[in-house]
Every structure is written in structure tokens, then in C-alpha cells.
Amino acid sequence: MANGEREVGADAPAGGFVQLLTPDGDRIDSVTTADGTTYSVDFTDEEYRGLYRDLVTVRRLDAEATALQRQGELGIWASLLGQEAAQVGSGRALRPQDMAFPTYREHGVLYTRSIDPIMPFGLFRGVDQGGWDANEHRFNGYTIVIGSQTLHATGYAMGVTMDGKTGTPDGEAVIAYFGDGATSQGEVNEAFVWAGVFNAPMVFFCQNNQYAISEPLERQTRIPLYRRAAGFGFPGVRIDGNDVLASFAVTRAALDSARNGQGPTLIEAYTYRMGAHTSSDDPTRYRIASEVESWKAKDPISRLKAFLTKQQVADEAFFTEVDESAKTLALDLRERVLAMPDPAPDTMFDHVYPNGSHEVDAQRARFADYHASFEGSEH
Amino acid sequence: MANGEREVGADAPAGGFVQLLTPDGDRIDSVTTADGTTYSVDFTDEEYRGLYRDLVTVRRLDAEATALQRQGELGIWASLLGQEAAQVGSGRALRPQDMAFPTYREHGVLYTRSIDPIMPFGLFRGVDQGGWDANEHRFNGYTIVIGSQTLHATGYAMGVTMDGKTGTPDGEAVIAYFGDGATSQGEVNEAFVWAGVFNAPMVFFCQNNQYAISEPLERQTRIPLYRRAAGFGFPGVRIDGNDVLASFAVTRAALDSARNGQGPTLIEAYTYRMGAHTSSDDPTRYRIASEVESWKAKDPISRLKAFLTKQQVADEAFFTEVDESAKTLALDLRERVLAMPDPAPDTMFDHVYPNGSHEVDAQRARFADYHASFEGSEH
Amino acid sequence: MAELNRGGNPQQNRGETITLGKALNHGLRRSLEQDSKVVIMGEDVGKLGGVFRITDGLLKDFGDDRVIDTPLAEAGIIGTAVGLAIRGYRPVCEIQFDGFVFPAYNQIVAQVAKMFYRSKGNVRLPIVIRIPFGGGIGAVEHHSESPEAYFAHTPGLKVVTCSNPADAYAMIQQAITSDDPIVFFEPKRRYWEKGEVDLDADLSGAFPLHSARVTREGTDATLLAYGPMVRTALDAASAAAEDGRNLEVIDLRSLSPVDYDTIYASVRKTGRAIVVHEAPGNIGLGAELAARVTEHCFYNLEAPVLRVTGYDIPYPAARVEEDYLPDLDRVLDAVDRSFGW
Amino acid sequence: MAELNRGGNPQQNRGETITLGKALNHGLRRSLEQDSKVVIMGEDVGKLGGVFRITDGLLKDFGDDRVIDTPLAEAGIIGTAVGLAIRGYRPVCEIQFDGFVFPAYNQIVAQVAKMFYRSKGNVRLPIVIRIPFGGGIGAVEHHSESPEAYFAHTPGLKVVTCSNPADAYAMIQQAITSDDPIVFFEPKRRYWEKGEVDLDADLSGAFPLHSARVTREGTDATLLAYGPMVRTALDAASAAAEDGRNLEVIDLRSLSPVDYDTIYASVRKTGRAIVVHEAPGNIGLGAELAARVTEHCFYNLEAPVLRVTGYDIPYPAARVEEDYLPDLDRVLDAVDRSFGW
Ligand SMILES: Cc1ncc(C[n+]2csc(CCOP(=O)(O)OP(=O)(O)O)c2C)c(N)n1
Ligand SMILES: Cc1ncc(C[n+]2csc(CCOP(=O)(O)OP(=O)(O)O)c2C)c(N)n1
Ligand SMILES: [Mg+2]
Ligand SMILES: [Mg+2]
């Protein structure tokens with residue numbers, strides 16, 4: 001099973017990718033890429049089982065959210081189905097001091113940061129727009145405008161350097177998540193410029209799920225995305241995004257390189273969005289069923305399950321218990337989502353300015369007066 | 001003198017560049033780059049002399065403009081001093097059907113398109129903002145917002161393809177000029193994305209004159225700029241931007257490749273801005289005299305003169321005649337600039353909308369009434 | 001391309017009852033048919049037919065040279081449209097949602113708006129920028145904004161919006177035919193509202209693109225609205241009628257330039273004006289309307305021009321958007337305040 | 001860093017006569033001294049000291065971690081400033097000229113303005129965006145614009161501008177100290193005008209950042225101006241005084257929010273108001289001021305609020321800009337019109 005030179009799996013796209021676990025659940029001990037970097041993982045059985053639990057849990061929570069949306073309990077949902085390995089692997093690769101800048105789809109990363117999975121549900125339910133403390137969770141707010149967060153991450157990373165928090169193994173590193181579509185945005189390319197020039201301790205983690213809503217990858221690039229980094233003077237690595245081990249190994253190495261002062265890395269996680277873009281989308285309009293089928297064979301969870309089974313690291317009882325506990329979490333999540341209160345209307349005037357504003361105060365007061373005028377009437 | 005493999009001149013930056021004429025005026029027959037492309041020129045004596053005349057003329061006209069600005073006759077001037085070879089070489093490489101999108105500094109390219117050099121002086125004098133017909137001259141308006149014209153050029157090039165005007169040797173190609181600083185703009189990188197995806201018949205011609213106003217190249221990139229193209233999936237070539245022959249050869253090849261349907265190329269012309277950024281700038285604040293001195297030794301004109309002399313392609317009489325005729329052109333230009341009338345104030349209301357606007361008409365009428373009210377008074 | 005040309009049957013010019021979204025789709029189709037230089041470009045406009053299906057079926061019928069799925073970058077969409085326009089094309093660009101137009105703002109404000117001026121009339125950019133705008137659809141952040149003032153304040157751009165299917169059908173074609181660069185706002189929450197549209201009508205007889213329309217005649221006060229708020233204003237007028245107040249409703253249609261003559265004539269008659277829009281009030285369209293009406297109808301006004309607008313806060317979370325958006329009650333409240341002045 | 005700290009000599013608090021540009025430079029220096037989290041970033045702000053030399057000498061004294069020459073990309077400047085602010089820094093970003101802010105518009109409008117709201121107050125972005133604005137310096141296109149309405153219309157941003165050296169010195173420090181994201185417009189053609197500035201004055205006694213100032217008291221009409229037009233308004237008031245008209249001049253200073261109480265009090269006294277700004281009139285600050293003043297002083301107004309502004313055209317070529325810009329005569333003409341109403 002050992003394969004010191006293997007980079008291209010049978011299922012790899014042209015140009016290859018780093019894969020440490022095949023779709024059939026076979027381990028590749030380590031992979032050495034063209035630039036001489038060797039990637040491997042060294043997990044205990046406990047840790048392997050932990051990753052499996054993560055994957056199953058984030059998929060189950062995601063399915064619950066999809067169901068909640070269908071039942072009218074969420075305004076919209078952006079599912080991570082199919083991208084669990086990319087997210088869990090990279091999320092687990094973060095060290096506690098690291099900072100993450102997500103898009104709107106990184107529920108799996110969020111979970112690995114030990115954040116209560118309910119945190120983003122206010123946004124999708126429409127009761128708020130996120131509303132958490134980026135620094136407390138070391139996980140920035142969900143960002144909807146495509147690509148903008150890559151600049152925020154880069155600026156934050158410049159601040160890490162200015163604070164003297166790089167150059168040692170316990171330094172800090174920053175990861176920015178974005179999609180294949182985002183790579184076309186000017187702002188993302190400016191982030192590449194900045195990160196290169198300031199040697200920022202950054203990992204750019206691109207989940208290439210093959211689509212930007214309906215548009216296939218070819219609408220964004222004519223070469224593999226990981227090669228974009230070369231144009232800006234830092235390394236780009238493609239990984240099998242459905243392989244949680246590769247995702248962990250390469251992200252960990254890139255983060256450690258960043259925290260050690262070696263500057264940015266671009267990781268392209270080659271994966272697939274198994275579901276719709278969001279609950280508002282109808283993917284049958286733009287892609288064929290057989291494509292989806294072919295990706296099912298590369299499922300991130302079944303390959304890890306196969307591995308755990310073959311290696312006798314886990315048994316049916318374990319798998320059943322994981323499913324059950326994921327289900328419990330999901331049902332708990334459901335209950336708590338249903339219990340989320342609608343905000344009081346006048347809270348919309350909160351938090352417009354840190355120092356407040358007489359204008360906003362006056363409008364809030366008029367709003368209150370106006371509503372008071374209806375009191376007792378049928379309104 | 002022949003050197004079939006030579007890419008790196010003694011004066012070349014790390015990574016080399018395509019050079020066909022050394023600073024001492026020695027010809028290199030041809031250069032083959034790492035990707036196997038061979039560049040050479042095959043000029044008649046007449047053509048060599050023509051290039052020399054171009055270089056001297058554009059420098060002389062530029063000097064006249066600098067003088068006019070100092071005398072208060074222009075509001076500002078963006079001098080091309082030092083960049084004559086990059087501009088004349090690439091400009092002469094254009095075929096008549098090709099279209100150019102300049103910045104604010106491409107007076108040399110403009111000249112090679114047989115456009116009356118007075119054309120941009122309205123802009124610099126402040127009597128208009130350019131005001132020419134891009135299509136008539138196959139030379140777009142000067143663009144001041146850094147980088148924006150690269151997207152215009154790319155869109156135009158997409159139109160060339162849509163018109164079926166690529167894929168043959170007499171197809172059309174498009175060239176966009178921009179500076180080293182511009183490479184950091186999101187819009188320029190979006191132009192790279194678009195050109196790659198649509199395989200647009202584009203040449204991106206970057207004059208790396210080492211500075212964006214005061215900021216040296218290191219503020220924009222940590223690797224040579226020509227390598228940016230690799231990140232977007234098309235070739236990037238660096239040339240000795242002070243070598244008019246290399247500029248011609250590489251631009252001609254790139255344009256022909258584009259018109260033949262081979263898609264975009266990025267050319268980095270490695271050169272130096274010998275003067276100030278514009279007449280408003282004071283370069284002594286940010287660069288040292290010795291740097292300027294070292295670039296004087298690489299002057300684009302003196303090397304061609306040395307070559308013409310050594311090869312006995314031209315003699316003193318020729319050089320004197322070129323100087324004289326450039327001077328005549330310059331004096332004629334000066335006279336015509338001085339004769340440029342100030343616009344009538346109410347022309348500021350012209351050309352706001354192709355279909356006009358009652359609002360603008362009403363404001364123009366009020367403006368006229370208001371001014372009429374002063375008639376006879378001292379105002 | 002000719003396969004769907006509807007020129008064949010002149011008798012068949014009864015109206016069809018279709019949604020506003022479908023009317024736009026028909027209008028785009030007809031523009032593509034009638035001028036081979038018209039191209040549609042944007043994110044997901046091709047195979048998907050746009051996230052609101054406004055370009056549904058157009059890729060199939062006109063091909064990917066005419067209906068272009070672009071890379072995900074708004075500056076790129078508008079910037080390449082500028083180049084295509086210089087080349088002689090008439091690009092119709094779709095911005096997917098109001099809140100995503102800002103990456104293209106530089107191209108729109110510094111290039112699209114100014115190139116005709118800069119070139120002394122030598123370079124025309126007949127570009128239409130379609131933007132679904134406004135709230136009320138329960139969406140997440142950036143999907144419910146009303147950024148029209150940013151464009152209407154910009155000289156060199158014209159800005160229009162439609163409020164009903166018939167106007168949608170005619171106005172999109174008029175905008176595409178116009179040589180002016182036009183920002184075309186589409187009232188996204190009205191996409192599904194139906195109305196009768198004469199699909200065979202010819203543009204020559206259409207109501208002028210930059211004219212306001214008196215949508216309901218009245219004598220007591222003038223409601224000025226546009227886009228999604230026209231329906232709200234009409235509903236308010238109906239409700240007011242029950243209280244014996246006879247309100248005139250004007251659909252501005254053109255936000256830059258505004259057809260002030262129609263407005264002044266109305267306010268001189270009614271003596272009262274109330275502007276309704278979703279955008280934040282501060283320095284919105286309503287401010288300009290109020291200032292102009294006051295200047296031009298100073299002695300006719302019984303009360304100051306009042307404004308019913310979004311508040312000066314970021315667009316709030318979906319669950320409170322109904323409290324943010326002007327509605328019938330807030331309009332009637334303003335009418336009351338006007339009468340009580 | 002402490003080497004230039006001026007705390008040493010409390011007796012020395014006489015004013016110094018310096019230019020507005022130099023006052024800003026001193027204010028920035030003092031902010032850098034007083035808070036190690038303050039960083040300055042932008043194009044050419046380092047070695048060159050900025051194209052207007054507003055950051056002159058700061059790189060030398062504070063080092064390149066505090067004064068950062070950035071890549072040439074405005075979205076990048078503001079976007080990385082957002083990240084630095086999340087990290088706890090207080091970035092002061094320079095946009096080189098008004099016309100070059102638009103590539104950053106998306107970051108400013110969709111991120112800087114909204115992150116505090118989006119995060120329910122958990123994430124503060126104490127960012128100052130300095131923009132030299134306005135015309136009158138004979139520059140080429142994009143170097144003379146007045147884009148303030150685009151920002152003042154945006155909830156979540158505060159917008160201020162200064163008109164004289166003393167205000168410049170205090171206000172830039174107040175803006176940097178404020179936790180609100182602030183767009184700070186600098187009247188570029190007044191950079192070289194001199195005035196007395198007490199460089200030792202402490203911010204605690206400073207005039208509040210968001211208050212308007214009655215710069216000249218008068219009784220007959222109120223001139224409302226800001227930034228570069230305050231000088232013009234004062235000159236007009238002096239000229240009017242010769243004709244026996246006693247004009248009050250208010251310097252708005254804060255464009256969002258506007259200090260309306262000061263304005264209403266004045267207009268209630270004078271009964272007439274004229275707004276002066278360089279930006280195009282259509283949906284400019286003047287529209288909002290006119291609408292509000294009319295609503296709040298309806299029965300006090302002897303004439304509608306009049307506006308003297310730039311025309312609704314792109315900023316014209318330098319040789320005609322004097323005809324575009326509001327000047328003393330146009331202001332006096334409006335005053336006459338107000339009195340003749
Ligand atoms: C600036 C901007 N333009 C358009 C959109 C609308 N939009 C939301 S998601 C999306 C596609 C994103 O694709 P990708 O970057 O590949 O991420 P994915 O959703 O596939 O994870 C688009 C166009 C947006 N959010 N922001
Ligand atoms: C978007 C934008 N930002 C800032 C400026 C101000 N500016 C004018 S030229 C210039 C430097 C340009 O450098 P480079 O691209 O290398 O071109 P060069 O002038 O050296 O030829 C800057 C910052 C501008 N014109 N446009
Ligand atoms: Mg994607
Ligand atoms: Mg340069």
C-alpha cells in the first residue's frame with residue numbers, strides 16, 4: 001500500500017492531486033509532490049475514528065438543515081454535501097491559535113472549531129445576519145459577497161506578522177476559504193498579490209466543487225486552479241478534496257509553513273457539490289445525472305468507512321453509535337432552530353454604528369411611535 | 001554575434017529576457033526561449049533607420065511636451081523617456097487592422113500608428129479629456145484609471161472572435177498596455193481570467209518601468225511579472241524593454257499568434273522610467289541617482305545608433321537629419337499646442353448622453369442665461 | 001434565430017397575461033432577434049437561464065456567442081461589455097443581485113458613464129445593465145438592496161425601472177435600442193406578478209422610456225413611486241379612496257432623468273406629494289424629488305413633500321424586513337400627516 | 001516613536017500658522033504616537049509621503065510596519081484594512097484621488113459599512129478612509145470629483161470633511177479615535193491654505209466631530225457648505241455684507257450624520273437657506289438638506305431652499321472647471337434669487 005511517489009490516483013484529474021486515501025478505502029502512506037514536499041499523516045486509531053465521526057456528523061447536521069429549509073424553517077440553505085472531507089480535514093488541521101475566514105458554506109469547518117453548529121442558523125433562518133464574534137471563535141463571519149473575505153484574511157495575516165506572531169512553530173496562521181468561481185474575482189487575485197508581497201502567513205483554501213451555481217469550471221479557468229499560485233510566486237497544491245487525510249495533511253503542512261514565516265500557499269481541494277448550489281437552485285437544469293453518479297463513487301465518508309473496516313479500526317457497533325449520536329445532535333439542532341425567536345422589529349436599529357447616531361436613534365423613536373399608534377387597533 | 005540560444009544578456013535581470021540588441025549595439029541573431037519559441041527580426045537597412053527615426057522623434061516630441069508643461073502650457077505631462085523602445089517596437093509590430101488600448105503614457109505607440117502626435121495634447125493641456133475616435137485610429141482613448149483598459153481590450157478582443165476575425169494570418173489582434181503597478185489591480189487579473197477562458201486574441205503588454213509612482217516593483221510582486229501569465233494558463237515572455245528589436249519581434253509573434261486563434265500572451269517589457277512619473281512628481285524623494293545612471297547605459301536609442309554606426313547602416317549626416325526633422329516636428333507641435341483654443345465654457349454640456357437629456361439641456365440654458373446676465377458688467 | 005420571430009401573424013395582437021419576469025424574457029428575446037449585435041452576458045444567464053429565469057431559453061435559441069455565461073466577476077462583466085460596445089456590440093449585462101453590483105462600480109461610474117463624454121461623442125457605449133433590486137423576498141444579506149441612488153447621482157448614466165409586465169416588455173427593448181448607457185432596475189419581488197402584455201406591439205408606439213406615467217388619477221395628493229413600490233402606492237390609493245381621499249399615483253419609470261413636468265403638473269393640482277421608495281431615505285431619490293418639487297411648486301404646496309422610505313440602516317434580516325419596507329399603512333400614515341400639516 | 005512626542009512643554013500652546021495639509025500631517029503623526037495600533041496604508045504614502053505629502057516624514061519616524069506602501073489596488077487597501085481591523089489595528093487608508101476610490105467601493109459599501117451590523121456589534125472596524133476630493137486644481141479626469149453622496153447615502157458609514165487647518169488637525173485625530181468607520185474627505189484645493197492650529201490642544205476639548213459649526217453669524221439667509229466650499233461661502237458672505245446682506249455661514253463638517261439641529265435653528269432665524277457643494281446637484285447632499293430643512297422649517301421658509309452645485313455632467317476638462325464649480329458669484333446669484341422669490 002505504501003507508495004512514496006504516488007501523486008496521481010486512478011481517479012485523479014489530469015495533472016494529479018495529493019491523495020492519501022483512495023475511493024476504495026486504501027491508504028497511501030505518503031505522497032511526494034513535484035516540488036519535493038512529502039505529505040503523510042500519522043493518526044492513532046482514535047483519531048481516525050474521530051475524523052469519521054466528524055464527517056458523519058457534519059453531513060447529518062447538513063441534512064437536517066436541508067430538511068428544515070424544505071419545511072419552511074430556513075429561508076435558504078447552502079449545503080456542504082460532498083465537501084465534508086475538504087472541510088473536516090482542513091478544519092482539523094487548524095491549530096487553536098489559527099484564524100479562519102469562511103464563505104457561506106463552511107459549516108464543516110465551523111464544526112471542527114468546536115463551535116455550536118447552531119451559530120450560522122440565525123443567518124439562514126433570517127433572524128439575523130450571522131452575528132457572532134470572529135475573534136472569540138477564531139472564525140470570521142460568513143461572507144456572502146464572493147471572494148471579499150480573502151482580502152480580510154490577508155489583512156488579518158499581515159497583522160499576525162506585525163504582531164510578531166510568525167516565525168516560530170507556535171506562531172499563528174490564517175486560512176481563507178473560497179470556491180472555484182471566486183478565483184475569477186479581482187479581489188481574490190488582489191489577495192494573492194498582497195499575500196505574496198507581504199509574505200503573509202496565509203493558506204488560501206479553494207474548494208473546487210466544479211461549479212459556480214450553474215457554471216462549470218471551464219468558465220473560470222482553462223488550467224487547473226492550483227496553478228494560479230505560480231503566477232503570484234507562492235506554491236499551489238491540488239488535493240483530492242474527498243480525501244480527509246490529504247486535506248488534513250496538506251493543510252497542516254501549509255499552515256505550519258505559514259506560521260513559520262514561509263508565506264502563503266494555495267490549496268485546491270478537488271471535490272464535488274453533490275447537491276444544489278443552495279436550496280433555491282435546480283441543478284438538473286445544468287448537469288447530468290451520470291456526472292453526479294460518478295462522483296458518488298468517490299464519496300468522502302464511504303472511503304473512510306471502508307478503510308476503518310478493512311483495518312479493523314472500527315466495527316458496526318461504532319458506525320451505528322456514530323450515526324445515532326449524529327442523529328441526536330441533529331434532532332437537538334432542529335429543536336433549537338425551531339425555538340429561535342424572531343427578533344423584535346426594532347432591533348433592526350441596533351448596531352448600525354459603534355458610537356451610535358442621533359439619526360438612527362431618531363428613526364428608531366419614530367418607528368416606536370408609529371407602532372404605538374396602532375396599539376389597540378387591529379393592526 | 002549569432003547566438004541561437006541566448007536569452008540572458010549580461011545586463012539581464014535574474015530569469016533573463018529576450019534581447020536582440022545589446023546595450024553596446026551588438027545584434028543577437030535570434031533567441032530561443034525555454035518554451036522553444038525562437039524570436040528574430042529581419043529588417044532592411046531602411047527599416048532599421050526607420051526605427052531609429054521613430055525612437056528619436058518620439059523622444060524629441062516628449063521632450064517638447066515636458067518643456068511645454070514647465071512653461072505652463074500643459075497642466076501635466078506623463079513622459080515616456082526611457083520607454084521609447086518598448087513602445088516603438090511593439091507599436092510597429094501592430095498590423096493596420098489591430099487595435100490598441102493605451103494607458104496615459106503611450107505617446108510612442110500612438111506615433112507609430114501614424115496618428116498626429118498632437119492628438120493627446122488636449123487632455124494634458126486641459127482643453128478636453130482626449131476626445132478622439134477609438135475605432136477610427138484603432139487606438140483607444142487614454143485611460144487614467146489604472147488597469148481598466150485591460151478589460152476593455154479583452155471585451156473588444158472577444159468581439160473580434162465573435163466577428164469571425166481570428167484564425168487566419170490576416171485576422172485581427174488586440175494589444176493592451178499597462179504598467180507594473182497595474183498588475184496588482186483586480187481588474188487586470190480579471191482581464192487575464194477572461195482572456196484565458198475566452199481564448200481572446202489579446203496581447204497584454206506590460207511596461208515594467210520599475211516604479212508605480214514612488215513604489216518599486218517589490219511592492220507589486222515577489223516574482224518577475226511575466227510569470228503571472230502562467231497562473232492563468234497562457235504564455236508570458238519577458239523582453240529587454242530597451243531593445244526595440246526584441247520589442248518588435250516578440251510583440252509581432254504574440255499578435256500573430258493571437259490573430260491565428262492561439263489566444264493571449266503576456267509580454268513584460270523590462271525597462272526604466274528615466275524621468276519623473278509625471279511632471280507633478282519628484283523622483284529624488286524615492287530613488288537614487290546611481291540607479292538612474294546605471295540605466296542610462298542601457299539607453300534604447302544609443303544602442304541602436306551604435307548598431308547603425310558599426311554596421312554602417314547610417315552615418316552622421318543621417319543622424320543629424322533625423323535630429324533636425326524631429327526638431328522641426330517638435331517645433332510644429334509646440335506651435336500647434338500653443339494655438340489650441342480654450343473650449344467655450346458651455347461645451348462642457350456637450351456629449352453627456354448620445355440621446356441627450358432634458359435635464360442637461362435645461363442646465364445648459366440656465367448657464368447661458370446666468371452668463372448673459374453679466375453681459376456688459378465687469379464680470 | 002428567425003425561428004421564433006413573431007412577425008408572421010399581424011392579426012394576432014391580443015395581449016397575453018404573463019408575469020413581469022416572463023415579459024422581460026420576451027423583451028430580451030425580441031431584442032436578440034431584431035439586432036444581431038445584441039448580446040446577453042452575466043453569471044448563470046446561459047444554461048440556467050439566470051437565477052430568476054429571466055434569460056430562460058435564450059442560450060438554446062441564440063447560441064453561446066449571443067448569450068454568454070461569464071466568469072464570476074462583475075467588473076469583468078461590465079469591463080468586457082465596454083470593449084464589446086466599442087467593437088459595435090450592444091451588451092445587455094445581468095448583475096445577479098443588487099448587492100453584487102459593487103465590484104463593477106468602478107467600471108460603471110468611471111468608464112461606462114464617462115466614455116461618451118471623454119471621447120467627445122466619438123465612442124458610444126449602448127450598454128444595458130440589468131439589476132434585480134429591492135427586498136421583500138425573504139433573502140439573506142446583499143440580496144434585497146435598492147442601490148438606485150448611487151447610479152442616478154452619476155452623470156452619464158440613465159436609470160430606469162419598471163413596475164408591471166407591459167412596461168417591462170417595452171422598456172427593456174427601448175433600453176436596448178437606446179444608445180445611452182442604461183442601468184435597468186428590475187423589481188424582483190414583482191417578477192411573479194401578472195399583467196397583460198401585447199407581445200406584438202411595436203416599439204414605435206410605446207410610451208417614451210424616460211416619461212413618468214400617471215398610473216392613477218386623483219386630486220387630493222400625489223404619490224410618487226417607482227419599481228416595486230408602485231403596487232404599494234396603488235394599494236394605498238385604493239385604501240385611501242375608501243376614506244374618501246382621492247390620490248394620484250405617478251410611476252416615475254425613469255429615475256435619471258426624472259420626468260419632472262408630469263410631477264409638477266400633478267403636485268400643482270393636488271398641493272401635496274409623498275414619495276415612496278425602499279432605499280434608505282438619506283440622500284435617496286426622495287430627497288431630490290422633494291427638493292425639486294418644493295422649488296418648483298413652492299406656492300402650491302400645502303405641506304412639505306413627505307417621504308416614506310427604508311430606514312438609514314443596512315438592509316435588515318429577512319424576518320424583520322416587512323417592518324423595514326414601506327407598506328400600505330406607512331404610506332397612508334404619511335398621507336394623514338400631509339393632510340394634518 | 002516617542003522622539004517626536006510633544007508632551008514635554010505645556011507652556012508652549014500658542015497656535016502655529018500652518019497649511020491644512022501640514023495640519024493633517026501633524027494630526028496623523030500624533031495619532032501614530034498615541035496609539036500603537038494606528039497604521040497608515042495606501043499608495044505612495046511611505047517614501048514619497050503621499051502625492052500631496054500629507055504623510056510626509058511618517059515612514060521615517062514610525063517604520064514600515066506603521067506606514068505601509070501598498071500594492072496598487074484600492075480594493076486590496078480597504079479589504080486588507082478590514083482584516084487588520086479585525087485583528088485589532090486601526091487602519092488609516094489613503095485613497096490617492098477621489099476618482100480612484102471606486103475599485104474599493106465594494107469593500108467599503110458591502111464590508112466596511114456592514115460588518116458591525118452583520119456581527120451584531122461583535123466586530124468593530126475603526127477604519128478611516130482619507131480621500132482628497134474636489135476640483136479647482138487644474139487636473140486631468142478623475143482627479144477632481146466629489147463623490148461624497150455615494151458614501152453619505154450608505155448606512156453604516158460616517159462621513160466628515162474639514163475646511164480649515166485647525167479642524168483638519170482635530171478632526172483627523174477624532175476620526176482615528178472613533179470606533180466608527182469614517183470616510184474622511186480632504187478639500188484638496190485647500191491643502192495649501194494656512195490657518196492657526198494649536199498643536200498641543202488635547203482632543204477632549206475639541207469641537208465634536210459630528211457637529212456643524214456656525215462659522216459666520218448672520219440674520220438674513222443661511223449658507224450651508226462643507227469642505228472646499230466653506231471658503232467660497234465665507235467670501236460670498238463678505239461680499240454680501242457690502243450690499244448690506246447679513247449671511248450666516250454653516251460649515252457642516254459632518255456629512256453623515258448631519259447636525260440638523262444647528263441648521264434648523266439657523267434657518268428658523270433667517271428664513272432662507274442656500275446649499276453650496278461641488279458635486280453634481282442631482283441627488284447630492286443638497287437635495288437631502290433641502291428636503292429636511294423644508295420639512296422641519298416649512299412655515300419659516302420665505303423661499304425654497306436653493307442649491308448651488310456642480311452641474312449634472314461628468315467633471316469637465318480643467319480649462320472650463322472654473323465655470324463648473326460654484327463660485328462667489330453663483331452663490332450671490334442664488335442669494336438674490338432667494339430674496340426675489
Ligand atoms: C460578488 C458576488 N457575485 C455574485 C454572487 C452570487 N453568487 C452566490 S454563490 C455564487 C457562486 C459561487 O461559486 P463558487 O465560488 O464556486 O462557490 P460555491 O458556491 O460553489 O461553493 C454566486 C455567483 C455573490 N454572492 N457575490
Ligand atoms: C485606480 C487608480 N489608482 C490610483 C491611480 C493614481 N496613479 C496614477 S499612475 C499610478 C502609478 C501607475 O504605475 P504603473 O502601473 O507602473 O504605470 P507607470 O505610470 O509606471 O507607467 C498611480 C498610482 C490611478 N490613476 N488609478
Ligand atoms: Mg464552486
Ligand atoms: Mg510603472
Side-chain angles (χ1 to χ4, degrees), chain B residues 75-76 78 104 122-131 142 144-148 179-189 212-216 219-221 277 280-283 285-287 342-352 357 359-360 363-364 366-367 370-371 373-374 379, chain D residues 42-53 56 59 64 68-77 79 96-97 99-100 102-104 106-107 137-144 280-282 309-324 327-330 333-334 336-337:
Chain B
I76 194 171
Y104 40 80
L123 165 63
F124 291 104
R125 189 166 167 88
V127 304
D128 63 29
Q129 291 172 330
Y142 274 7
I144 291 173
V145 182
I146 297 296
S148 291
D180 44 301
T183 61
S184 295
Q185 280 286 3
E187 293 192 358
V188 175
N189 291 281
I213 309 188
S214 71
E215 297 195 16
R219 289 282 103 177
Q220 317 295 342
T221 182
H277 168 69
S280 309
D281 179 41
D282 173 9
R285 291 180 74 99
Y286 54 83
R287 67 186 193 188
D342 274 2
D346 76 337
T347 57
M348 72 175 152
F349 295 101
D350 293 346
H351 309 303
V352 180
S357 153
E359 267 303 311
V360 174
Q363 292 184 23
R364 181 205 293 270
R366 282 204 296 281
F367 179 85
Y370 170 73
H371 280 272
S373 74
F374 289 120
H379 279 89
Chain D
E43 297 156 8
D44 306 294
V45 297
K47 235 174 176 177
L48 186 64
V51 294
F52 291 108
R53 309 291 184 267
D56 191 24
L59 171 69
D64 63 6
I68 305 169
D69 268 329
T70 66
L72 204 177
E74 287 76 10
I77 294 171
Q96 201 161 74
F97 281 89
F100 306 138
F102 302 116
N106 181 49
Q107 284 289 339
I137 63 159
V140 292
E141 209 188 345
H142 312 290
H143 291 72
S144 307
N282 188 36
T309 68
Y311 298 104
D312 292 314
I313 60 175
Y315 197 89
R319 296 269 174 145
V320 291
E321 72 177 334
E322 292 306 333
D323 289 287
Y324 173 87
D327 61 6
L328 187 148
D329 288 324
R330 280 177 63 199
D333 174 65
D336 283 348
R337 281 190 288 127

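Convention: sequence-line order gives letters A, B, ...; per-chain numbering from 1. Being a predicted model, the structure only gives us computed values, none of them experimental.
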Mind checking the CD1-CD spacing from D:Ile77 to D:Gln96? Nearest 0.5 Å is all I need.
-> 8.5 Å

How are the rings of D:Phe100 and D:His142 set relative to one another: parallel (under 30°), tilted (30 to 60°) or perpendicular (over 60°)?
-> tilted

Most heavy-atom pairs under 4.5 angstrom with chain D, which of B:Glu215, B:Gln185, B:Arg219, B:Gln220?
-> B:Glu215

B:Val360 portion near chain D, given a 4.5 angstrom heavy-atom threshold | side chain

Under 4.5 Å heavy-atom distance to chain B, tell me which part of D:Glu74 shows up: side chain, backbone, both or neither.
-> both

Indicate whether any N or O donor in one side chain lies under 3.5 Å from an N or O acceptor in the other, for B:Asp281 and B:Tyr286.
-> yes

Under a 4.0 Å N-O cut-off, is there an ion pair linking D:Asp56 with B:Arg285?
-> yes

By a 4.5 Å heavy-atom criterion (distance strictly below it), what part of B:Ile213 contacts chain D: side chain, backbone, both, or neither?
-> both

Side chain, backbone, both or neither of B:Arg364 within contact of chain D (heavy atoms, under 4.5 Å) | neither

side-chain contact (heavy atoms from CB on, under 4.5 Å) between D:Asp329 and B:Phe374, intermediate numbers included | CA-CA 10 Å; D:Asp329 288 324; B:Phe374 289 120; 3.9 Å; yes

D:Asn282 and B:Glu359 side chains, donor-acceptor separation under 3.5 Å | no

Which one of B:Ser357, B:Ala344, B:Pro343, B:Gly147 has the most heavy-atom pairs closer than 4.5 Å to chain D?
-> B:Pro343

For D:Arg53, is it the side chain, the backbone, both, or neither that has a heavy atom closer than 4.5 Å to a heavy atom of chain B?
-> side chain

What's the spacing between B:Tyr370 OH and D:Arg337 CZ if we round to 0.5 Å?
-> 9.5 Å

Check each atom of B:Leu123 against the heavy atoms of chain D and say whether the ones under 4.5 Å are side chain, backbone, both or neither.
-> both

Tell me, side chain or backbone of B:His351 under 4.5 Å from chain D's heavy atoms, or both, or neither?
-> neither

Measuring heavy-atom distances to chain B, does D:Glu43 have an atom under 4.5 Å in its side chain, in its backbone, in both, or in neither?
-> both

Between B:Asp346, B:Ile144, B:Val352, which has the largest tally of heavy atom pairs under 4.5 Å with chain D?
-> B:Ile144

By a 4.5 Å heavy-atom criterion (distance strictly below it), what part of D:Asp333 contacts chain B: side chain, backbone, both, or neither?
-> side chain

So, do D:Phe52 and D:Phe97 have ring centers that fall under 6.0 Å from each other?
-> yes

